[in-house]
Amino acid sequence: MDTDFLKREILRLKKEKNAVILGHYYQRDEIQDLSDYIGDSLALAQRAQQCENDIIVFCGVHFMAETAKILNPSRKVLLPDMDASCSLAESCAAEDFAKFKADHPDHMVISYVNCSAEIKALSDLICTSGNAEKLVRALPEEQKIIFAPDKNLGGYINAVTGRNMLLWNGVCMVHDAMRAEEFLKLKVAHPDAAIIAHPECNNAVLKVADFVGSTKAMLNYIKDSGKQQFIVATEPGILYEMRKQSPDKEYFTVTNDKGCNCSDCSYMKLNTLEKLYKCLRDETPEITMSAELIEKAKRPIIRMLDMSKELGIIK
Ligand code: 13P
Ligand code: SF4
């Protein structure tokens with residue numbers, strides 16, 4: 001279908017149906033352009049909660065759209081491609097996790113938002129990469145904690161806080177596959193550049209990084225930094241917003257010999273303009289959940305939002 005037609009129709013349908021488009025920084029450039037709000041998982045969850053539109057079209061992955069539905073269940077929440085999953089969410093099946101939790105009854109459960117609603121329902125507190133460190137620091141030192149499902153983010157939080165959280169063995173297939181040597185090669189070629197990494201990266205990458213933070217934290221770091229060059233260790237979709245927010249700076253990522261980005265998240269990239277158009281037109285695929293699951297999964301997310309406000313992380 002013609003791109004101009006798709007863009008025109010998306011804007012028309014959005015208005016006609018009183019819909020809002022929420023988009024993550026890893027979405028395709030053209031989808032970011034059409035989004036009413038783009039942000040990291042934390043900001044998007046908050047936006048979804050406050051949203052008064054009849055329809056929320058979530059251009060991100062399934063757990064993000066599910067979180068929007070949990071926080072604002074009276075809205076119709078659409079996801080352009082229902083197969084837009086996440087390897088972290090896939091790594092943690094509710095049945096297995098319930099057993100793991102039962103084996104450690106004296107531990108509280110903190111789950112990274114990249115998990116299913118069923119895992120959220122089994123959790124005491126949810127976190128995102130934008131608030132995980134501060135939330136964990138705010139808990140009593142003697143509190144025993146299970147952290148799921150990202151062992152890289154959990155390991156990083158353990159390292160910076162001195163905690164000994166018990167980690168579920170899940171990884172992001174995109175960030176875990178990144179190799180420290182590749183970033184160090186870029187550093188040799190651009191010695192003045194700062195390496196900035198998402199905490200889902202493996203430990204070797206995090207060790208060579210000058211800054212570790214969520215997608216939004218990386219954007220802020222670039223803006224506030226005196227540096228002019230950045231080696232970016234995360235999904236390359238965010239380069240679009242980095243270049244918009246800080247156009248005078250230079251960015252380097254790991255590419256293969258054909259010059260293409262090796263670190264695309266295949267789940268995030270499932271959403272296309274055509275699917276976004278059809279999803280608005282047909283109002284499907286829609287996120288649905290039982291009222292009971294919504295209630296159970298909502299508690300630890302609300303606790304996260306309340307604590308994030310108390311700690312001054314969000315307004
Ligand atoms: P952020 O919350 O930092 O945007 O991360 C979401 C994500 O899925 C990273 O892979
Ligand atoms: Fe999940 Fe990784 Fe894709 Fe983020 S980049 S949605 S954590 S698979």
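When a ligand or atom number is given, it counts from 1 through the structure's own listing order.
Of the protein's heavy atoms, C86 SG, 2.4 Å lies nearest to atom 1 (Fe) of ligand 2. Atom 2 (Fe) of ligand 2 has its closest protein heavy atom at C172 SG, 2.3 Å. Nearest non-hydrogen protein atom to atom 8 (S) of ligand 2 is S87 N, 3.6 Å.
Of the possible polar contacts, one joining the S225 side chain to the K227 backbone as a donor-acceptor pair under 3.5 Å is found. Listed for the N131 side chain is no donor-acceptor partner under 3.5 Å among the backbone atoms of S308. Side-chain atoms of Q32 come within 3.5 Å of backbone atoms of Q27 as a donor-acceptor pair (strictly under, hydrogens ignored). Without hydrogens or angle criteria, H24 side chain to Y26 main chain gives a donor-acceptor distance under 3.5 Å. The main-chain N or O of I222 is found under 3.5 Å from a side-chain atom of K249 such that the two form a donor-acceptor pair. The closest donor-acceptor contact from the side chain of D264 to the backbone of E235 lies at 3.5 Å or more, if one exists at all.
Every atom of ligand 2 with a heavy atom of E200 under 4.0 Å away is listed here by number and element: 2 (Fe), 7 (S). Using a 4.0 Å cut-off to heavy atoms of H24, the atoms of ligand 1 that qualify are 1 (P), 4 (O), 5 (O), 6 (C). Counting the atoms of ligand 1 from 1 in the order shown, those under 4.0 Å from a heavy atom of H198 are 1 (P), 3 (O), 5 (O), 9 (C). Of all the atoms in ligand 1, the ones that sit under 4.0 Å from a non-hydrogen atom of N114 are 7 (C), 8 (O). Within ligand 2, counting atoms from 1 as listed, the ones closer than 4.0 Å to a heavy atom of N114 are 7 (S). For ligand 1, the atoms sitting less than 4.0 Å from at least one non-hydrogen atom of S214 are 3 (O), numbered in the order shown with element in parentheses. Every atom of ligand 2 with a heavy atom of L88 under 4.0 Å away is listed here by number and element: 7 (S).
Contacts with ligand 2 closer than 4.0 Å are made by no heavy atom of E235, backbone or side chain. Both the backbone and the side chain of T215 come within contact range of ligand 1, each with a heavy atom under 4.0 Å. Here S41 has heavy atoms under 4.0 Å from ligand 1 in both its backbone and its side chain. Under 4.0 Å from ligand 1, not a single heavy atom of K216 appears. Residue contacts with ligand 1 for Y25 are absent, since no atom lies close enough (heavy atoms, distance under 4.0 Å). Counting heavy atoms closer than 4.0 Å to ligand 1, residue V174 contributes nothing at all.
A ring-centre distance under 6.0 Å is found for F97 and W168.
Within the 4.0 Å heavy-atom cutoff, C172 does not count among the residues contacting ligand 1.
Between the side chains of T128 and S41, not a single donor N or O lies within less than 3.5 Å of an accepting N or O. Side-chain atoms of N202 and D176 include no donor-acceptor pair closer than 3.5 Å. There is a side-chain donor-acceptor pair under 3.5 Å between Q229 and E250.
Checking C265 against atom 3 (Fe) of ligand 2, an N/O/S atom falls under the 2.8 Å cut-off.
With E235, E200, M173 as candidates, the residue nearest to atom 7 (C) of ligand 1 on a non-hydrogen basis is E200.
Results of the side chain to side chain contact (heavy atoms under 4.5 Å, CB included) test with L273 over R28, E30, K278 single out E30 as the only residue that passes. Of the candidates K275, H62, K269, K275 is the only one forming a side chain to side chain donor-acceptor pair (under 3.5 Å) with D81.
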